[in-house]
Protein chains: 2
Amino acid sequence: MSELLYYDLKDVAGVAPSLATQVCRELGRRIVGGVVREGALIDDENKLCERFGVSKSVVREAVKLLVAKGLLEVRRGSGTRVRRRASWSLLDDDVLAWHLSVEPRPGFLNQLLEVRQVFEPSAAAWAAKSATKDQIDEIRAAQRKMENAEEIQDYVVADALFHRAVLRAANNEVLMAMEGVIFSALLSSIRLTNADPRDNKRSIPLHQKVLAAIEAQDADAAEAAMKEHLEGTRERLAQFTADESEGK
Amino acid sequence: MSELLYYDLKDVAGVAPSLATQVCRELGRRIVGGVVREGALIDDENKLCERFGVSKSVVREAVKLLVAKGLLEVRRGSGTRVRRRASWSLLDDDVLAWHLSVEPRPGFLNQLLEVRQVFEPSAAAWAAKSATKDQIDEIRAAQRKMENAEEIQDYVVADALFHRAVLRAANNEVLMAMEGVIFSALLSSIRLTNADPRDNKRSIPLHQKVLAAIEAQDADAAEAAMKEHLEGTRERLAQFTADESEGK
DNA sequence: ATGATACTAAACATCAGATGTTTCAATTGT
DNA sequence: ACAATTGAAACATCTGATGTTTAGTATCAT
């Protein structure tokens with residue numbers, strides 16, 4: 001396992017994840033990255049032990065993690081195979097992260113953004129109707145952070161926090177489970193645009209509009225403002241992917 | 001483990017799930033059902049082994065499954081604790097299923113339906129724009145099945161298949177990952193309404209409307225029709241939960 | 001008393017290897 | 001050809017030993 005051992009955003013600084021987690025990530029990335037195709041058998045437990053230099057327990061736990069995420073299917077006697085893509089838990093944070101770490105495929109990012117365009121405006125509307133004072137404060141705090149950010153990273157993180165705060169304020173647990181989609185989409189945009197300073201702070205007024213509508217408990221306005229904001233984001237994404245393919 | 005061993009919808013008929021899966025389900029249901037509270041430590045590995053009558057490997061694999069679903073967090077030395085509800089993967093099929101198997105809490109069902117109301121109309125619109133011939137055939141087949149269903153179960157299953165087919169026809173992978181939400185919501189409605197025969201086939205004309213719009217590639221009409229259908233569903237749910245609380 | 005240090009028990013992490021069960025395919029007998 | 005048998009491959013489970021981390025407790029110097 002010496003070749004393994006990389007860290008992830010989720011790891012608390014300096015704390016190494018367990019071997020099982022590491023093996024899981026390695027396998028997960030390979031599957032998501034298409035190194036092993038859908039429907040194909042993966043190496044058997046012994047081979048995996050050998051390859052990663054770990055014991056069978058570790059491999060089994062790693063495989064179980066991937067089963068829980070819908071990526072693998074194990075069958076006694078016949079082996080363990082990659083499930084078809086449609087069965088993957090694409091909304092799982094890890095699975096999303098693996099996607100972005102191996103494949104900044106524009107099509108996928110686009111689909112991610114399309115989905116955001118569907119549910120975030122509704123979230124904003126619901127937030128306008130049902131947000132508590134604390135929840136509005138959380139949104140406002142993120143907004144301020146964006147305005148005061150000096151480094152581009154701070155700005156992007158504040159951006160993500162803003163959207164998450166809106167999602168939370170909608171007070172719908174199921175919707176809240178889509179938090180990961182926002183962060184992933186955000187991160188991928190960053191990667192694509194390479195945090196282009198030209199875009200810096202461009203979306204602040206639009207965020208402001210969303211916040212104001214929620215504060216005023218105006219659901220329609222909140223929905224419209226969020227929709228407008230995301231459309232802008234999407235146009236920029238389209239712009240960048242166009243540049244990308246042109247450059248090549 | 002003798003007391004364990006129950007089957008689930010996902011199990012192929014007659015095939016017993018592995019012990020790890022059984023333990024995972026048992027623990028999952030208890031957590032989701034609130035038997036162990038958020039933030040609380042669960043029994044340690046040895047206790048769990050004793051309680052379920054299985055070996056440590058089995059317990060560890062079960063726990064790993066739950067970690068992957070965001071329900072548990074294990075820390076070396078200190079123990080394994082239940083994560084706060086906000087961290088649970090509420091969109092995971094199993095987690096959803098456990099919710100419904102232990103707690104037909106109307107609030108949750110309502111939230112589930114709210115989310116469906118957000119993304120299914122869009123799915124219908126996208127389907128109108130991008131569905132292939134095969135995908136439309138799949139929708140049509142489900143529609144026919146609903147019309148021809150004689151048993152109430154067949155009707156409900158066909159209903160779910162219809163919605164799934166629309167979701168698939170939208171050709172957005174991320175959206176498709178929400179398939180589980182549809183089935184769960186459907187199942188919960190059944191449980192609540194106890195498959196009331198009065199409601200039988202009531203929604204066929206609305207489904208027909210959605211199908212026709214998709215066939216005609218009319219995105220706006222498809223979106224509107226799906227929205228109308230789901231609003232009806234929601235009203236019925238509200239009706240039943242009102243009856244429920246009144247009855248008590 | 002107080003603060004820092006050292007010890008210890010609890011709990012998870014990993015390993016090794018034995019044994020059972022299921023599946024699939026090859027073999028064999030007709 | 002066809003059907004039944006057999007055996008290898010692969011996962012499932014168990015056992016028990018040993019390592020590591022954490023949190024709390026006891027101890028000791030000041």
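This structure is a prediction, so every number in the text was calculated from the model and none was measured. Values below: every heavy atom of this structure, side chains too, minus hydrogens, waters and symmetry copies.
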Peer 1: Given atom CZ of A:Phe52 and atom C1' of C:dT14, what is their separation to the nearest angstrom?
Peer 2: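 My rounded result for the distance is 16 Å.
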Peer 1: Pick out which of B:Arg144, B:Arg168, B:Lys145 makes a salt bridge (Lys or Arg N to Asp or Glu O under 4.0 Å) with B:Glu138.
Peer 2: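 Answer to the salt bridge (Lys or Arg N to Asp or Glu O under 4.0 Å) test with B:Glu138 among B:Arg144, B:Arg168, B:Lys145: B:Arg168.
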Peer 1: Please give, in whole Å, the distance from C:dT23 P to A:Leu41 CG?
Peer 2: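 The answer, rounded to whole Å, is 15 Å.
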Peer 1: Using a 4.0 Å cut-off on heavy atoms, which residues in residues 56-65 of chain A reach DNA chain C? List them by number, or say none.
Peer 2: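 Residues of residues 56-65 of chain A that come under 4.0 Å of DNA chain C are, in numerical order, A:Lys56, A:Ser57, A:Val58.
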Peer 1: To the nearest Å, how far apart are B:Glu73 CD and C:dA11 C1'?
Peer 2: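 That distance rounds to 15 Å.
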Peer 1: With B:Ser78, which residues qualify under side-chain hydrogen bond (donor to acceptor under 3.5 Å, both in side chains), at least two apart?
Peer 2: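 Per chain and number, B:Ser78 pairs via side-chain hydrogen bond (donor to acceptor under 3.5 Å, both in side chains) with no residue.
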Peer 1: Please state how far atom CG in B:Leu19 lies from atom P in D:dA12, giving the value in whole angstrom units.
Peer 2: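 Nearest whole value for this atom pair: 10 Å.
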Peer 1: Report the distance from atom CG of A:Asn46 to atom P of C:dC15, rounded to the nearest whole Å.
Peer 2: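 Distance, rounded to whole Å: 14 Å.
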Peer 1: Check the distance between D:dC11's C1' and A:Lys47's NZ and give it to me in whole angstrom.
Peer 2: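 So the NZ-C1' distance, A:Lys47 to D:dC11, works out to 15 Å.
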Peer 1: For D:dC11, does either OP1 or OP2 sit under 4.0 Å from a side-chain N or O belonging to A:Thr80?
Peer 2: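 Yes, A:Thr80 has a side-chain N/O under 4.0 Å of OP1/OP2 on D:dC11.
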Peer 1: Please check if any side-chain donor atom of B:Arg84 sits under 3.5 Å from a side-chain acceptor atom of B:Ser87, or the reverse.
Peer 2: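 B:Arg84 vs B:Ser87: donor-acceptor pair found between side chains.
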Peer 1: More 5' along DNA chain C: B:Glu45 or A:Arg76, using each one's nearest nucleotide?
Peer 2: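 This one resolves to B:Glu45.
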Peer 1: Where the side chain of A:Ser55 is defined as all heavy atoms beyond and including C-beta, which of D:dA10, C:dC15, D:dG19 is the nearest nucleotide?
Peer 2: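 Nucleotide nearest to A:Ser55's side chain: C:dC15.
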Peer 1: Are side-chain N/O atoms of B:Glu147 and B:Gln143 paired as donor and acceptor at under 3.5 Å?
Peer 2: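 Yes, because at least one side-chain N or O of B:Glu147 sits under 3.5 Å from a partner of the opposite role on B:Gln143.
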Peer 1: Name all residues meeting the side-chain hydrogen bond (donor to acceptor under 3.5 Å, both in side chains) criterion together with A:Arg140; count only those two or more places apart in sequence or in a different chain, and write none if there are none.
Peer 2: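 For A:Arg140 the side-chain hydrogen bond (donor to acceptor under 3.5 Å, both in side chains) partners, ignoring immediate neighbours, are A:Asp137, A:Glu215.
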Peer 1: Please pick, from D:dA12, D:dC11, C:dC24, the nucleotide with the shortest atom-to-atom distance to any side-chain atom of A:Asp44.
Peer 2: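 Of the options given, the side chain of A:Asp44 lies nearest D:dC11.
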Peer 1: In terms of relative ring orientation, are A:His163 and A:His207 parallel, tilted or perpendicular, with 30° and 60° separating the classes?
Peer 2: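 A:His163 and A:His207: perpendicular rings.
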